[in-house]
There are 2 protein chains.
Amino acid sequence: MSRTPLHPTREQIELPMVLDCLSDPIRLAIVYQLAAQERVSSELCCGDFSGLGGKSNLAYHFAKLRECGLMQTRVAGTNRFMRLRREDLDARFPGLLDAVIGSAAKDAERLHLLSEGDVVEAD
Amino acid sequence: MSRTPLHPTREQIELPMVLDCLSDPIRLAIVYQLAAQERVSSELCCGDFSGLGGKSNLAYHFAKLRECGLMQTRVAGTNRFMRLRREDLDARFPGLLDAVIGSAAKDAERLHLLSEGDVVEAD
DNA sequence: TCAATTGTTCAATAATCGTTGAACATAGGA
DNA sequence: TCCTATGTTCAACGATTATTGAACAATTGA
């Protein structure tokens with residue numbers, strides 16, 4: 001297991017890869033949940049997303065989200081803490097992340113996204 | 001050949017399908033070109049995109065863009081005139097289209113998008 | 001009427017994608 | 001030390017995808 005997963009630099013983040021990543025309902029739900037969490041602690045670990053699928057399937061989607069630059073993973077013990085790369089994304093694609101998250105929020109029910117109260121408590 | 005291609009209603013437009021559509025470089029280039037054209041005549045026909053690929057491949061991407069609600073096709077003689085469904089998209093997903101097009105513009109060279117001067121003359 | 005133009009549809013291909021379960025690696029606690 | 005918990009990696013699969021060329025349909029103009 002690699003100790004620190006690889007992440008693209010800010011400049012390496014590509015628009016088509018980001019859009020493709022966000023087009024998957026599970027990955028969109030992950031990003032949405034991370035965005036909702038930003039107001040509390042900004043980080044979540046893999047287990048916090050267990051409502052979205054099985055472990056190996058989530059690991060697959062986490063890898064996609066890392067590779068395209070949407071999120072960053074920090075290893076701490078047996079946990080992986082993940083957060084949105086908001087600064088990098090806002091710098092590369094101003095307004096895009098907020099527009100996607102806002103659009104997802106409008107369709108939260110249709111997209112089966114978590115409701116506002118479901119944020120995980122800060123550690 | 002169906003006389004008038006099917007389009008989803010405004011409410012039927014789904015965020016994941018829109019993002020997936022925009023994640024393909026050729027389709028992103030088509031949307032970008034349509035957006036650049038909005039200032040001039042708002043409509044383009046299939047032949048205006050011949051720089052982006054072969055006829056049958058473009059027809060495939062046009063169908064995708066129609067099915068997800070990004071653009072509308074109007075049949076006129078042997079031509080199909082296409083335009084962005086900006087009103088519907090802005091109503092469903094405020095700011096999304098502009099954020100994507102703005103992000104694409106920032107990466108125009110990397111994405112091999114047409115330059116500002118390449119708009120087709122109004123008819 | 002015949003030929004040319006415009007664009008779609010069809011069939012086939014290779015490549016990629018999402019999902020699953022089993023196996024593995026790592027760290028922490030009894 | 002052994003057991004457990006947390007995630008990742010691997011191999012397999014079925015499904016979808018983008019691309020190509022050939023065939024087709026509809027309209028226009030000679």
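No hydrogens, no waters, no symmetry mates; every other heavy atom, side chains included, goes into these values. Chain A is the first sequence line, chain B the second, and so forth, proteins listed ahead of strands; every chain is numbered from 1.
Phosphate proximity of D/dT8 to A/Arg66: present, with a side-chain N or O under 4.0 Å from OP1 or OP2. Side-chain N/O atoms of A/Asn79 include none lying less than 4.0 angstrom from OP1 or OP2 on C/dA27.
Legend: residues meeting side chain to side chain donor-acceptor pair (under 3.5 Å) with B/Asn79, ordered by chain and number and at least two apart, are absent. Partners of B/Asp20 under the salt bridge (charged side-chain N to carboxylate O under 4.0 Å, His left out) rule, at least two apart in sequence or in another chain, do not exist in this structure. Among residues two or more places apart in sequence or in another chain, the salt bridge (charged side-chain N to carboxylate O under 4.0 Å, His left out) test is passed with A/Asp107 by A/Arg110, B/Arg92. The salt bridge (charged side-chain N to carboxylate O under 4.0 Å, His left out) test applied to A/Arg85 returns A/Asp88, not counting sequence neighbours. A/Glu109 pairs by the side chain to side chain donor-acceptor pair (under 3.5 Å) definition with nothing, not counting sequence neighbours.
Per the geometry, CG belonging to B/Asp48 stands 12 Å off C1' belonging to C/dT6, to the nearest Å. Rounded to an integer number of Å, the gap from B/Arg74 CZ to C/dT6 C1' is 15 Å. Distance A/Lys55 NZ to C/dG18 C1': 19 Å, rounded to the nearest Å. B/Phe49 places its CZ atom 15 Å from the C1' atom of C/dT6, with the value rounded to the nearest Å. C/dG7 atom C1' lies 15 Å from atom CG of B/Leu65, rounded to whole Å. Atom CG of B/Leu44 and atom C1' of C/dG7 are 15 Å apart (whole Å).
Residues in residues 37-61 of chain A take part in these ring pair (Phe, Tyr, Trp, His ring centres under 6.0 Å) pairs, two or more places apart or across chains: A/Phe49-A/Phe62.
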**OP:** Assign a letter to each nucleotide of nucleotides 14-21 of chain D from its 5' end: B, base within under 4.0 Å of a protein heavy atom; S, sugar-phosphate only; -, no contact.
**Re:** ---SBBBB
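Atom CG of B/Leu52 sits about 8.0 Å away from atom OG of B/Ser50, to the nearest 0.5 Å.
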Could you go over nucleotides 28-30 of chain D and give all protein N or O partners under 3.5 Å, atom names and distances?
none

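Contact between B/Ile26 and B/Asp24 at its shortest, heavy atoms only, is N-OD1, 2.9 Å.
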Donor-acceptor pairs are to be reported for all side-chain atoms of residues 63-70 of chain A against protein atoms at under 3.5 Å, with residues two or more places apart or in another chain.
from	atom 1	to	atom 2	distance (Å)
A/Arg66	NH1	A/Thr73	OG1	3.1

